[in-house]
Amino acid sequence: MKYRDVLIAEITPEMEGKEVRVAGWVHAVRRIGKLVFLILRDFTGTIQVTFRIPKDADDETKEKYKQIIKLVSSLSLESVVMIRGVVKRDPRAPRGVELLGKEIVVLNEAKSPLPLDVSGKVDAHIDTRLANRPIDLRRPESQAVLRLMSLATKTIRNYLYDLNFVEVFTPKIIASGTEGGAQLVPVFYFGKQAFLAQSPQLYKELLTSSLEYVFEIGPAWRHEESDTPFHLAEFISVDIEMAFADYNDVMKVLENVIKRVSDAIRDEGKRWLDIIKHEPLEVKLPIPRITYKEAWEILKNEGFDLEPGEDFGTPELRKLSEVLEKEGKTSGGFYFIVDWPADVRPFYTKRGKKDVIGGKEIDLSESFDLNWKHLEISSGSTRIHKRKELEEELKKRGLNPESFEWYLRWFDYGMPPHAGWGMGLQRLMVPMAGIQNVRLASTFPRDMKRLIP
RNA sequence: GCCGCGGUAGUAUAGCCUGGCCUAGUAUGCGGGCCUGUCGAGCCCGUGACCCGGGUUCAAAUCCCGGCCGCGGCGCCA
């Protein structure tokens, strides 16, 4: 069966008189006497289909249309239908154009009532929405977030390809934790204990010794006890790693990624932004950099009780971003915190200079976080490319270099200096699509309490 | 894991503080009716709910206790 020969958005008043087939979902039905309007929706939009009895029809035709009108007015919302109709220019119709219905085929009748309202008259809690995600995603505002994320992904890919990066896919089933710390997801693997990758970190580093400029957009798993609007047990990580580069080089790549994504969303994503009523960000380059030391001092001034070299929590970052915003030291809400204390960064982070913070000498590192307001969007660093230094860092963190031998041994055979970053894609959509919860930037989010749907 | 708030038809809400007038209101949906230009159509009739267990009381949606579930904040989180 031929279901459609045009998409709904392609129907224009200029097609007056043309017969077309469209397929989609029954978005609304309005019956006015012997006249019935059906609003049909596909992924491109909606169109009004009018069913009426032709005035000059013979009795047989009249009876046929009566049957159709009866059928249409009893259709349940969200039923799937194919409609054959004639395009009619009409100022009374919503887009100045409608279809005069000739035939309707019900492809799948929907049960009612629906678990949530698709037409947008009654809103639903996030829990209801996620529990009924396949139907929730029929709402344009729900779909808009995923469409904007797709646009962001395309933009990132295109830009990195332009910079001679190669897209890679590293293993997602791994033998042991890459860095310790985060809670791993265990899996069985041919009778052995294995885990789902929490990051492509170590593999992407190894690839800099061959492919040099690599990136990956893929899933990562963390079983943290983190039950917040900004954590997922399964999230999409955008990772790059660059040979012969340091953290300043990769920060430049990162800020260009942010700039290009926000520009693309503002321009190409306008239709979806309008649907969710979100104002696009204005990101200007460079994105301001503030050192950890400066941030620490600001927070100390604001009355936070912080040890020198201590990591920042959410309340700290909320305050810090508020201060920076006030001083105009953010760009569309984004800012870098650079030169973190080495001790609060992972073992593969290259050490930098020393500095005195709060009267105490602290070993810094060539590292950065990119934040948007209080939210950590990305973090990265120059990496250590000397085996000996890696071994020392592992030991300092109580990790056993032997269990990292599969990774360390390749540093003996020509590992170049390199740097990179990782970015949470769903977190990036918080500023880009104005969502309050990263779950909304996930098709079927996995979190501490959701495994279905 | 800790703290706070919440749980009323399919969905979203009012009622709870100050127990009785709740036979639990409204919107949307659903069933039926009227209407040939609606566009969140309108109007009329109907349908459907107090998370679970215990307690207080003459009387509990309402107050108390426990549980379960949800949301937010924090913690945890290269």
Side-chain angles (χ1 to χ4, degrees), chain A residues 27-39 46-55 65 69 73-78 88 90-96 98 100 110-132 135-136 139 177-184 197-202 205 220-233 235 237 239 311-318 340 342-349 365 367 369 374 376 378-381 383 393 397 399 420-422 424 436-437 439 447-450:
Chain A
H27 193 67
V29 177
R30 288 190 277 270
R31 183 170 181 175
I32 284 86
K34 288 171 189 129
L35 182 66
V36 62
F37 299 107
L38 184 155
I39 308 300
T46 56
I47 188 141
Q48 174 165 287
V49 186
T50 304
F51 291 91
R52 64 183 345 152
I53 300 165
K55 287 197 180 84
Y65 273 92
I69 287 161
S73 48
S74 71
L75 271 178
S76 55
L77 297 184
E78 295 304 310
K88 184 173 168 245
D90 195 320
R92 293 170 300 185
R95 283 161 43 200
E98 65 180 13
L100 266 181
K111 192 175 154 187
S112 65
L114 295 158
L116 53 77
D117 174 39
V118 177
S119 69
K121 288 175 205 151
V122 183
D123 40 52
H125 296 144
I126 191 166
D127 187 42
T128 308
R129 293 177 56 187
L130 296 178
N132 299 284
I135 297 173
D136 174 55
R139 305 168 66 200
T178 48
E179 296 139 54
Q183 214 51 45
L184 296 166
Q198 61 177 171
S199 159
Q201 181 63 34
L202 304 183
E205 282 191 58
W221 294 268
R222 293 181 195 182
H223 268 201
E224 301 307 334
E225 299 279 302
S226 300
D227 191 9
T228 85
F230 306 106
H231 286 84
L232 289 165
F235 68 99
S237 182
D239 275 89
D311 203 355
F312 303 143
T314 311
E316 284 86 353
L317 292 178
R318 283 183 201 276
W340 286 78
D343 290 347
V344 299
R345 306 300 282 198
F347 75 88
Y348 48 77
T349 310
S365 61
S367 58
D369 277 1
H374 65 283
E376 185 189 316
S378 169
S379 68
S381 63
R383 323 297 194 187
E393 295 294 337
R397 288 165 178 78
L399 297 165
W421 45 256
Q436 302 298 316
N437 192 314
R439 276 156 256 247
D447 60 30
M448 281 181 73
K449 43 201 166 201
R450 260 175 275 263

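Chain identifiers are assigned alphabetically (A, B, ...) following the order of the sequence lines, protein sequences preceding nucleic acid strands; residue numbering begins at 1 within each chain. Please read these numbers as outputs of a predicted model, since none were measured by experiment.
Across the protein-nucleic acid pair, A:Met448 atom CE and B:G72 atom C1' stand 15 Å apart, rounded to whole Å. Nucleotide B:C69 holds its P atom 14 Å from the CG atom of A:Asp447, rounded to whole Å. Atom C1' of nucleotide B:C30 and atom CG of A:Asp117 are separated by 13 Å, given to the nearest angstrom. With rounding to whole Å, A:Arg31 atom CZ is found 8 Å from B:G33 atom P. Regarding A:Ile53, its CD1 atom lies at a distance of 14 Å from the P atom of B:G37, rounded to whole Å. Between the P atom of B:C30 and the CG atom of A:Leu75 lies a distance of 11 Å, rounded to the nearest Å. Taking atom CG of A:Leu317 as the reference point, atom C1' of B:C74 lies 13 Å away to the nearest angstrom. Nucleotide B:G10 holds its P atom 18 Å from the CG atom of A:Asp123, rounded to whole Å.
At distances below 3.5 Å, not a single donor-acceptor pair connects side-chain atoms of A:Arg450 with backbone N or O atoms of A:Ala131. At least one donor-acceptor pair under 3.5 Å links the side chain of A:Ser76 to the backbone N or O of A:Ala110. Here the side chain of A:Asp311 pairs no donor or acceptor atom with the backbone of A:Val344 at under 3.5 angstrom. Side-chain atoms of A:Arg52 never come within 3.5 Å of backbone atoms of A:Pro54 as a donor-acceptor pair (strictly under, hydrogens ignored).
Checking B:C71, B:G10, B:G72 against every side-chain atom of A:Asn437, the shortest atom distance belongs to B:G72. The listed nucleotides are B:G37, B:A12, B:G10; the one nearest the side chain of A:Pro113 is B:G10. For A:Pro315, the side-chain atoms get nearest to B:G75 when compared with the rest of B:U11, B:G75, B:G37. Nearest nucleotide to the A:Ser226 side chain, out of B:A27, B:G29, B:G75: B:G75. Comparing B:G72, B:C77, B:C39 by their closest approach to the side chain of A:His231 singles out B:C77. With distances taken from any side-chain atom of A:Pro94 to the nucleotides B:G37, B:U28, B:C39, the minimum falls on B:C39. In the set B:G70, B:C77, B:C30, the nucleotide with an atom closest to the side chain of A:Asp127 is B:G70.
Searching all strands for a Watson-Crick or G-U wobble partner of B:C39 with both distances below 3.5 Å returns nothing. The base-pairing partner of B:G4, taking Watson-Crick or G-U wobble contacts with both distances under 3.5 Å, is B:C71. Under the Watson-Crick and G-U wobble criteria, each requiring two contacts below 3.5 Å, nucleotide B:C50 is left unpaired. The base-pairing partner of B:A24, taking Watson-Crick or G-U wobble contacts with both distances under 3.5 Å, does not exist among the strands shown. The partner of B:C63 is B:G55, by the rule that a Watson-Crick or G-U pair needs both atom distances under 3.5 Å. Across the strands present, B:G31 finds its partner in B:C45; the criterion is a Watson-Crick or G-U wobble pair with both atom distances under 3.5 angstrom.
Across B:G32 and B:A24, the matching C1' atoms stand 25 Å from one another, rounded to whole Å. Separation of the P atoms belonging to B:C17 and B:C77 is 44 Å when rounded to the nearest angstrom. Nucleotides B:U8 and B:C45 are separated by 25 Å at their C1' atoms, to the nearest Å. Taking atom P on both B:C30 and B:U11, the two are 15 Å apart, rounded to the nearest angstrom. Rounded to whole Å, the C1' atom of B:C64 lies 24 Å from the corresponding atom of B:C71. The gap from the P atom of B:U47 to that of B:G6 amounts to 33 Å, rounded to the nearest Å. Rounded to a whole angstrom, the distance from the C1' atom of B:G33 to that of B:G67 is 48 Å. B:A27 sits 14 Å from B:G48 when the C1' atoms are compared, rounded to a whole Å.
At B:C74, one or more side-chain N or O atoms of A:Arg318 fall inside 4.0 Å of OP1 or OP2 (strictly under the cut-off). The side chain of A:Lys449 contributes an N or O atom lying less than 4.0 Å from OP1 or OP2 of B:C71. Side-chain N/O atoms of A:Thr128 include one lying less than 4.0 angstrom from OP1 or OP2 on B:A12. OP1 or OP2 of B:U13 sits under 4.0 Å from a side-chain N or O of A:His125. The side chain of A:Thr228 contributes no N or O atom lying less than 4.0 Å from OP1 or OP2 of B:C74. Side-chain N/O atoms of A:Lys121 include none lying less than 4.0 angstrom from OP1 or OP2 on B:A12.
Using a 4.5 Å cut-off on side-chain heavy atoms (C-beta onward), A:Leu77 and A:Val118 make no contact. Between A:Arg92 and A:Glu98 the shortest side-chain heavy-atom distance does not fall below 4.5 Å.
Residue contacts for A:Arg450: at a heavy-atom cut-off of 4.0 Å it reaches the sugar-phosphate backbone alone, with no base atom in range. Within 4.0 Å of A:Ser112, counting heavy atoms only, lie sugar-phosphate atoms of the nucleic acid but no base atom. Within 4.0 Å (heavy atoms only), A:Ala28 reaches no atom of the nucleic acid at all. Contact annotation for A:Ile39: no contact, since no heavy-atom pair falls under 4.0 Å across all strands. Counting any heavy atom pair closer than 4.0 Å across all strands shown, A:Arg92 reaches a base atom. Residue contacts for A:Lys88: at a heavy-atom cut-off of 4.0 Å it reaches a base atom on one of the strands shown. Contact annotation for A:Glu393: no contact, since no heavy-atom pair falls under 4.0 Å across all strands.
In this model, a side-chain donor or acceptor of A:Glu98 finds a partner on the base of B:G37 within 3.5 Å.
When the nearest nucleotides of RNA chain B are assigned to A:Leu116 and A:Phe312 by heavy-atom distance, the more 5′-ward of the two goes with A:Leu116. Nucleotides of RNA chain B nearest to A:Thr314 and A:Ser237 differ in position, and the one nearer the 5' end is that of A:Thr314.
Using the six-membered ring where Trp is involved, A:His374 and A:Phe230 have ring planes that are perpendicular, over 60° apart on the 30 and 60° scheme.
In this structure, CG on A:Asp369 lies 4.5 Å from CZ on A:Arg345, to the nearest 0.5 angstrom.
There is a side-chain donor-acceptor pair under 3.5 Å between A:His231 and A:Thr228.
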